[in-house]
K.L.:
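Dropping the structure in here first, questions after.
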Amino acid sequence: MSIQNTSVVGFPRVGKNRELKFASEKFFKGEVSESELQKTAAELRLYGWKKQQAAGIAYIPSNDFSFYDNVLDTAFLFNVIPERYRNLGLSDLEKYFAAAHGYQGEKGDVKALPMKKWFNTNYHYIVPEVEDSTEFKLIGSKPVQEFNEAKKAGIETVPTVIGAYTFLRLARYNGKKCAKDFVADAVAAYAELAEQLALEDAKWISFAEPALVLDVNTEERKIFNSIYAALLKQIRAKSSLKILLQTYFGDIRDVYGDVIALGFDGVGLDFVEGRKSLELVQKGFPKDVLLFAGIVNGKNIWRADYVQKNALLAQIEKSVDASNVVVSTSCSLLHVPYTVAAEQKLPANVLEHFSFAEEKLLELADLASGNADALEKNKALFASSRTPENRAVQNELAALSAADFERKPNRLDRREIQKNRFHLPAFPTTTIGSFPQTAEVRANRAAFRKGEISKEQYVKFNQKKIAECIQLQEEIGLDVIVHGEFERNDMVEYFGSKIDGFVFTQNAWVQSYGTRCVKPPVVWGDVSRSAPITVEWSVYAQSCTQKPVKGMLTGPVTILNWSFPREDVSLKTQVQQIALAIRDEVLDLEKNGIRIIQIDEAALREKLPLRKSDWHKEYLDWAIPAFRLVHAKVKPETQIHTHMCYSEFGDIVRDIDNMDADVITFEASRSDLKLLDALNEAHFETEVGPGVYDIHSPRVPSEQEIVDALHKIIAKIPQQNVWVNPDCGLKTRGETETTASLKNLVAAAKRLRLE
Ligand code: GLN
Ligand code: ZN
């Protein structure tokens, strides 16, 4: 039975057991054919549709599947493919993967398209590149094919596609043309897609327009209006296809009036992150339009509080006729794992609070149908208290004062002290921390976890790997050494598992980039550290070399941002508790002779509110102090590094400087070092290593390429502040390409020293 008023924005696609990841990896290695990969993909799509059908969801999406990324799919659907990929002479799917992760082989050598975080999530999308010669036109048929595939299985779906506004807004323009020059062609192309879907008997098309929740300026608003005024007209002229404008990740305060005036058949609003969505709807909502009300949180893993959701629905229904309200997810369920049913290890009193994608389907059905039994059960659940408290941590937090956030002396004075301590050459070279996680490294961890080998065997193996890794780094000639992170599966999961207050799932994977997934820890209670975490590894590593070894930690903001946070305690409280735990680790490393400590904040920018006006008060005002809290107590001669990746930092470089680290390394190579201008303008004070090559791709950068990158860097940044490093950790890379790349990196740094 379908419950007429339920909808899902998107469903996970990597497979309950990450089948898509494994199948694609085999495909890249040539172990399975393209058609076998396609078969896996079809099975995964069918699985998702069937689950949604079984839960009674009325509006089930299609074309939410992707081999890599939906934005990249949209680019390939509409011929927004840079020349360099088109000219390679590859098959369509190979071309697509070339754009996603670069291509180096018989047919050429091309870099991947840049990758960025998808709004305020830990999912990454591929940034389309538009050239002046780009002809925006429909060349693909993926939405039509997937719609038909579902239809064949007896499932009516709503084809969903990234909308023209968001696509043109996120794209990068390499030539003279800009977004508005492509509007007319884009409209025609989207209209043609709609027409084809109508011919196949689709009832609806959904245009995903998350970019509408960003700040929209006058110019952008004009573009949005011109796109949809024309597109609606063209679609209406040819068919009676219904049109849903789907937004998520916030509210659409800047364009709400336009949206309701344009004449969509359905409008999807996010009532979870959209703080103003209710207020907007209360201003008026058109009579014959369906409101797809995103009330079930698509981003977290906690059960919905039915009492609270019902109250929200009641509010909404004061402004919108109840029969026009469709209960929906706040965003795609891509950002949560498949199902709680796959968790066998956690106790029932924890699991009963969890709701993953498949459970959320049932929540939609409960809420839409007003299931009374379910409501009673839910009330009982929320009435029971759940989290273990830790008074000591709560007291420690309460006692913090300004001095706990202020490192002494100031950075320039520390720099002198550290120069005299380390005597590093100009353009010091280093890496971001991890070295290739080979099959044997993973096997060693797995064997230990399963109890197949003793702790001693496990440690011995890792020590051997550390010693080898350090020898390799010395041979290559790197100046600041790392231990390689062989003991870690994931930079957040590792720390979460060693700190009290977190719980861990077995299977709760969510996609991060391509088909790569992360398994975020869950903040369950008050957080504290009961014993040192990394000290033994770092001390062992330092015993293998005279050169300084960097201690390697994950920062509190990243740990929180890459975990599923609690909803019953503020983020500020959670981050400070984590900061205190990491601070203890920093001080223990220092006490044990570790002279340089890197505190990674890879995800610092990730949760930056999407609207500028919220940045400071809602986020940076607690995130930056949390980082300062971690290192404020170290000695002046201890050098603190941090690292960040995949984001546009341009607009927060002053806040980054204000974290008061001594050195920062970042991802910059995929964004063509655009960041340098921002650093330059802000008179960035922290020493900085903008990544000189892209580690997300297996291609080996030549020495010359790195020299060129360094020249660009020193044109903008004082030479004495420049470090030389790859743009992120090397754990996903192979050993051969890593060694070759790092040799070129060191050679490039040496050349610069001679110049
Ligand atoms: N130190 C980590 C590593 O090298 C950093 C990873 C990251 O920034 N994502 O793997
Ligand atoms: Zn990184």
Side-chain angles (χ1 to χ4, degrees), residues 114-117 121-124 429-438 441-442 445 465-466 469 473 478 480-496 510-514 516-520 533-534 537-538 541 549-563 582 585-586 589 594 596-606 627 630 640-649 656 659 661 663-671 675 688-697 723 725-735 738 741-742 745:
M115 182 160 65
K116 270 195 202 139
K117 282 190 200 286
T121 73
N122 181 28
Y123 173 78
H124 302 80
T429 53
T430 191
T431 63
I432 308 305
S434 58
F435 265 68
Q437 295 243 334
T438 54
V441 168
R442 285 194 302 267
R445 272 201 317 264
K465 287 298 297 184
I466 291 172
C469 181
Q473 292 172 74
L478 289 155
V480 172
I481 306 289
V482 296
H483 76 287
E485 303 184 22
F486 304 110
E487 75 287 5
R488 302 180 194 179
N489 40 355
D490 171 277
M491 62 188 289
V492 167
E493 192 182 351
Y494 179 74
F495 285 92
V510 288
Q511 262 174 279
S512 170
Y513 71 94
R516 283 187 192 279
C517 296
V518 293
K519 190 149 64 65
I533 303 168
T534 62
W537 299 121
S538 289
V549 170
K550 279 197 275 194
M552 196 59 62
L553 307 174
T554 303
V557 183
T558 297
I559 293 183
L560 183 67
N561 285 352
W562 282 351
S563 298
I582 300 297
E585 186 70 13
V586 165
L589 283 169
I594 303 304
I596 301 183
I597 302 168
Q598 179 171 312
I599 306 158
D600 289 326
E601 284 292 15
L604 184 104
R605 195 187 190 286
E606 186 171 293
F627 185 86
V630 171
I640 296 294
H641 289 213
T642 186
H643 165 74
M644 291 183 190
C645 31
Y646 314 120
S647 286
E648 291 187 329
F649 301 108
I656 294 175
M659 290 161 72
V663 180
I664 181 165
T665 55
F666 359 49
E667 187 270 358
S669 64
R670 269 197 179 195
S671 41
L675 170 71
V688 56
V692 291
Y693 76 87
D694 175 14
I695 64 90
H696 301 90
S697 152
W723 285 66
N725 46 266
D727 69 355
C728 196
L730 300 163
K731 76 171 182 204
T732 58
R733 292 276 59 90
E735 288 180 316
T738 295
S741 302
L742 291 177
L745 180 145

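Only a predicted model underlies this, so the values are computations on that prediction, with no experimental measurement involved. Here, residue 1 is the first one in the sequence, and each next residue gets the next number. Ligands are counted one by one from 1 in listed order, and the atoms in each one are counted from 1 as well. No hydrogens, no waters, no symmetry mates; every other heavy atom, side chains included, goes into these values.
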K.L.:
Heavy atoms, side chains only, cut-off 4.5 Å: are Asn122 and Val510 in contact?
P.N.:
no
K.L.:
Kindly indicate whether the side chain of Tyr494, heavy atoms from C-beta on, has any atom under 4.5 Å from the side chain of Thr554.
P.N.:
no
K.L.:
Run the side chain to side chain donor-acceptor pair (under 3.5 Å) test against Glu601 and tell me which residues pass, sequence neighbours left out.
P.N.:
Thr558
K.L.:
Is any N or O atom of Ile432, backbone or side chain, closer than 3.5 Å to an N or O atom of ligand 1?
P.N.:
yes
K.L.:
Which ligand 1 atoms are under 4.0 Å away from a heavy-atom of Cys728?
P.N.:
7 (C), 8 (O), 9 (N)
K.L.:
Using a 4.0 Å cut-off to any heavy atom of Gly433, which atoms of ligand 1 qualify?
P.N.:
4 (O)
K.L.:
Is there a side-chain contact between Lys731 and Met491 in this structure, where contact means two heavy atoms from C-beta onward sitting under 4.5 Å apart?
P.N.:
no
K.L.:
Please examine the side chains of Leu742 and Tyr693, heavy atoms only from C-beta on, and report whether any two atoms are closer than 4.5 Å.
P.N.:
yes
K.L.:
Ligand 1 versus Glu485, non-hydrogen atoms closer than 4.0 Å: side chain, backbone, both, neither?
P.N.:
side chain
K.L.:
With a 3.5 Å cut-off and no angle check, do the side chains of Glu735 and Thr438 form a donor-acceptor pair?
P.N.:
no
K.L.:
Test of geometry: compute the angle SG(Cys645)-the Zn ion (ligand 2)-SG(Cys728) and round it to 10°.
P.N.:
120°
K.L.:
Under 4.0 Å, heavy-atom basis, I'd like to know which part of Ser434 is in contact with ligand 1: side chain, backbone, both or neither.
P.N.:
both
K.L.:
Yes or no: does Met552 have any heavy atom under 4.0 Å from an atom of ligand 1?
P.N.:
yes
K.L.:
Please identify which atoms of ligand 1 are closer than 4.0 Å to at least one heavy atom of Cys645.
P.N.:
7 (C), 8 (O), 9 (N)
K.L.:
Taking only residues two or more places apart in sequence, or in another chain, which ones meet Thr665 in a side chain to side chain donor-acceptor pair (under 3.5 Å)?
P.N.:
His643
K.L.:
What are the atoms of ligand 1, with element, lying closer than 4.0 Å to any heavy atom of His643?
P.N.:
8 (O)
K.L.:
Side-chain contact test, heavy atoms from C-beta onward, threshold under 4.5 Å: evaluate it for Trp562 versus Glu606 and give yes or no.
P.N.:
yes
K.L.:
Which ligand 1 atoms, with their elements, are less than 4.0 angstrom from a heavy-atom of Gly729?
P.N.:
3 (C), 4 (O), 10 (O)
K.L.:
Closer than 4.0 Å to some heavy atom of Asp600 - which atoms of ligand 1 meet that?
P.N.:
1 (N), 2 (C), 5 (C)
